[in-house]
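Please read the structure below before turning to the comments.
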Amino acid sequence: MIKRNLLFISLLFFAAYVVAQEKKQSYSYSLDQAIHHALEHNYSVINSGRDVEAARQKKWETTAAGLPQINGTVDYLNNFSLQQQGVTGGGPFGGDENTIATFAFGTKHNMNAVATLSQLLFDGSYIVALQAAKTYLKYYENAKTKTAVEVKEMVINAYGNVLLAQESIAILKKNKATLEKTVSDTKETFKNGLIEEENVEQLQITLASVNSNLNNTTRLLDVAYKMLKITLGIDLNDELIVTDKLETLTQKNVGEALAIQAFNVTNNVDFQIATNFQKQRELEYKLERSKALPTLSANVNFGYNSFANEFTFFNANQKWLNYSNLGVRLSVPIFSSFAYRAKTQQAKIALEQAKTQLNETDQKIKLQYANAKSEFDFSVEEFSTAKSNLALAERIEKKQQVKFKEGLSSSFDFSEAQRQLYTTQQNYLQSMVNIINKKAILEKLNNK
């Protein structure tokens, strides 16, 4: 019995494992493919698309306010105790003029059904509202574009961090292998009494540092992958493979930067949003001014009512009385103790502020681009320098290694050459990532 239970439990675990494996997905993306995926599946991009759709519905809601409206109502009244009316002197039926007679008017059951057609004929604020609805929609479209360019930059940065960690691990593993062999050879030399133990210990310190950096970079690679997955909008448990190489992307970005055309601030999404904000303030100013205009509306009512002392409204012979009417309403603002004027002036001041903010945004974006272009140019120069320094550091390290093995150099000089090489290697990798990231900032400012 126990064996059967254990077998059943094992089968359940196996089935759960198989289901989990089936749900796990695998992705293999170049940088361009990763960007394309993120622009469809990133969580912020998805919600920004929903914001645009909600704005479209809001626009239609505003438009519908000025279109014909039809409403129907059914009223039922049960006068279980009719209200009495008093008449002096007995009313039209005669009687003592000093007495008060009371009469009950109406029927116990009343029912009324009416359909109302209403139409706004003229309202200045409605015209402005239609224009504002378009601006409202444009704002969210610009916001979606801004989200897209920001997500693209995030993907580039996250993708670059993954490549940086991968390349760092590859170099650290290579350095570790070389260093382990050197330590092993040095130990043999020490056993033969040709060098001091300090030389071995110095190399062991360097090896321990390389091991520590390798372990840390391996952990960072896992974090970098998870950050990239979140940015792409895929599950953290899914498999992701990056197919581009760091140096290939670097050369590609340097080449593309040479083709960048002159910067046009109107293409920048932040400038477009600021322009959109100014347009909103203009419409708010027009709205306050439109409130001084009259409004004209009309409605048509078609209805039936019926009266009975017994509830017989659904009988075929129940009598229903129809009625209809047409109403037109003209509302003209006359005097508001200058409240309209105060609101209009407030809107005008807000408009002037928006114009100033647009001008400030224009200048700031131009400054951002000049700074970004300068930093990108510097990153290209830094990459060239780092590449040259790496070649020099490799030659110096090899010379020191030969001298150390031949007993012409101390372990301290050799270790110093190694540390210089390791630092130069990381600087070279970082210089490539800097080019990719700085190019991403330029594209973001150009709204690409």
Side-chain angles (χ1 to χ4, degrees), residues 29-35 38 148-175 213-214 216-232 240 242-261 263 268 270 364-394 419-448:
Y29 284 153
S30 66
L31 177 57
D32 290 338
Q33 291 172 330
I35 292 172
V149 296
E150 288 177 345
V151 166
K152 179 182 177 182
E153 182 186 20
M154 290 168 59
V155 171
I156 292 173
N157 292 338
Y159 199 100
N161 288 337
V162 170
L163 295 181
L164 175 61
Q166 286 182 336
E167 294 289 342
S168 296
I169 289 173
I171 288 177
L172 287 168
K173 285 182 177 179
K174 180 181 178 181
N175 293 340
N213 288 334
L214 177 58
N216 182 56
T217 305
T218 302
R219 291 189 294 268
L220 290 177
L221 176 61
D222 181 63
V223 174
Y225 260 118
K226 289 179 178 178
M227 181 61 70
L228 179 57
K229 289 177 182 178
I230 290 176
T231 308
L232 294 179
L240 176 62
V242 295
T243 59
D244 276 330
K245 299 299 180 183
L246 187 58
E247 189 166 357
T248 303
L249 281 180
T250 301
Q251 297 295 342
K252 178 183 177 183
N253 278 274
V254 172
E256 289 178 350
L258 299 175
I260 293 179
Q261 299 177 352
F263 177 64
N268 183 274
D270 288 324
K364 284 184 176 180
I365 292 173
K366 289 178 179 177
L367 176 60
Q368 288 175 7
Y369 181 79
N371 184 57
K373 185 67 168 63
S374 175
E375 289 185 353
F376 176 77
D377 292 340
F378 175 70
S379 69
V380 174
E381 296 171 0
E382 192 179 43
F383 167 67
S384 178
T385 302
K387 192 172 185 179
S388 299
N389 289 343
L390 177 60
L392 290 173
E394 287 174 344
R419 284 191 289 270
Q420 179 178 260
L421 172 62
Y422 301 158
T423 300
T424 306
Q425 288 171 338
Q426 292 303 313
N427 290 341
Y428 175 65
L429 294 179
Q430 188 62 52
S431 69
M432 290 191 285
V433 174
N434 288 341
I435 286 179
I436 296 171
N437 292 343
K438 300 303 180 183
K439 171 70 177 344
I441 295 175
L442 283 176
E443 291 180 341
K444 177 182 176 181
L445 291 169
N446 275 297
N447 196 19
K448 292 185 178 179

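Computed from a predicted structure; not experimentally measured.
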Would you compute the distance between atom CG of Leu240 and atom CG of Leu228 and round it to the nearest 0.5 angstrom? 5.0 Å
No-hydrogen, no-angle side-chain donor-acceptor test under 3.5 Å, Gln368 and Asn268: no
Suppose the criterion is side-chain hydrogen bond (donor to acceptor under 3.5 Å, both in side chains): which pairs have a residue in residues 153-165, not counting sequence neighbours? Glu153-Lys444
I want to check something: taking the side chain as every heavy atom from C-beta on, are Asn446 and Tyr369 in contact at a cut-off of under 4.5 Å? yes
Report yes if some heavy atom in the side chain of Glu443 is under 4.5 Å from a heavy atom in the side chain of Ile156; otherwise report no. yes
Minimal heavy-atom distance between Asn253 and Lys439, with the atoms involved, is OD1-CG, 2.9 Å
Without swapping roles, check the side chain of Ser431 against the backbone of Tyr428 for a donor-acceptor pair under 3.5 Å. yes
Measuring from Ile365:CD1 to Leu445:CG, what's the distance to the nearest 0.5 Å? 8.0 Å
Counterpart residues, side-chain contact (heavy atoms from CB on, under 4.5 Å), relative to Glu381 (two or more places apart): Phe378
Between CG of Leu429 and OG1 of Thr424, what distance do you get to the nearest 0.5 Å? 11.0 Å
Give the minimum heavy-atom separation between Leu164 and Val433, together with the two atoms involved. CB-CG2, 3.7 Å
Between Val155 and Leu232, is there a side-chain heavy-atom distance shorter than 4.5 Å? yes
Return the CG to CG distance between Leu214 and Asn216, rounded to the nearest 0.5 Å. 9.5 Å
Asn427 versus Asn389: any side-chain heavy-atom pair under 4.5 Å? no
From CG (Leu172) to OH (Tyr422), nearest 0.5 Å: 9.0 Å
Here the pair of heavy atoms bringing Phe263 nearest to Lys366 is CE2-CA, 4.3 Å
Quick one, Asn175 and Gln425 - any side-chain contact, counting heavy atoms below 4.5 Å? yes
What are the two closest non-hydrogen atoms of Ser168 and Thr217, and how far apart are they? CB-CG2, 3.7 Å
Who passes side-chain contact (heavy atoms from CB on, under 4.5 Å) against Arg419, sequence neighbours left out? Gln202, Thr206, Phe412, Ser415, Glu416
With a 4.5 Å limit on heavy-atom distance, are the side chains of Glu394 and Leu421 in contact? yes
Intermediate values then yes/no, side chain to side chain contact (heavy atoms under 4.5 Å, CB included), Lys387 and Glu247: CA-CA 11 Å; Lys387 192 172 185 179; Glu247 189 166 357; 4.2 Å; yes
Are Ile436 and Leu246 packed together at the side-chain level, in the sense that at least one heavy-atom pair is separated by less than 4.5 angstrom? yes
Just by modelled atom types, is the Gln430 backbone N or O under 3.5 Å from a matching donor or acceptor in the Asn434 side chain? yes
If you define the side chain from C-beta out and look only at heavy atoms, does anything of Tyr225 sit under 4.5 Å from Val242? yes
Just by modelled atom types, is the Ser384 backbone N or O under 3.5 Å from a matching donor or acceptor in the Ser388 side chain? yes
As an exercise, state the distance from OH of Tyr29 to OG1 of Thr243, rounded to the nearest 0.5 Å. 11.0 Å
Closer than 3.5 angstrom, by distance alone: can the side chain of Asp244 be matched with the main-chain N or O of Leu31 as a donor-acceptor pair? yes
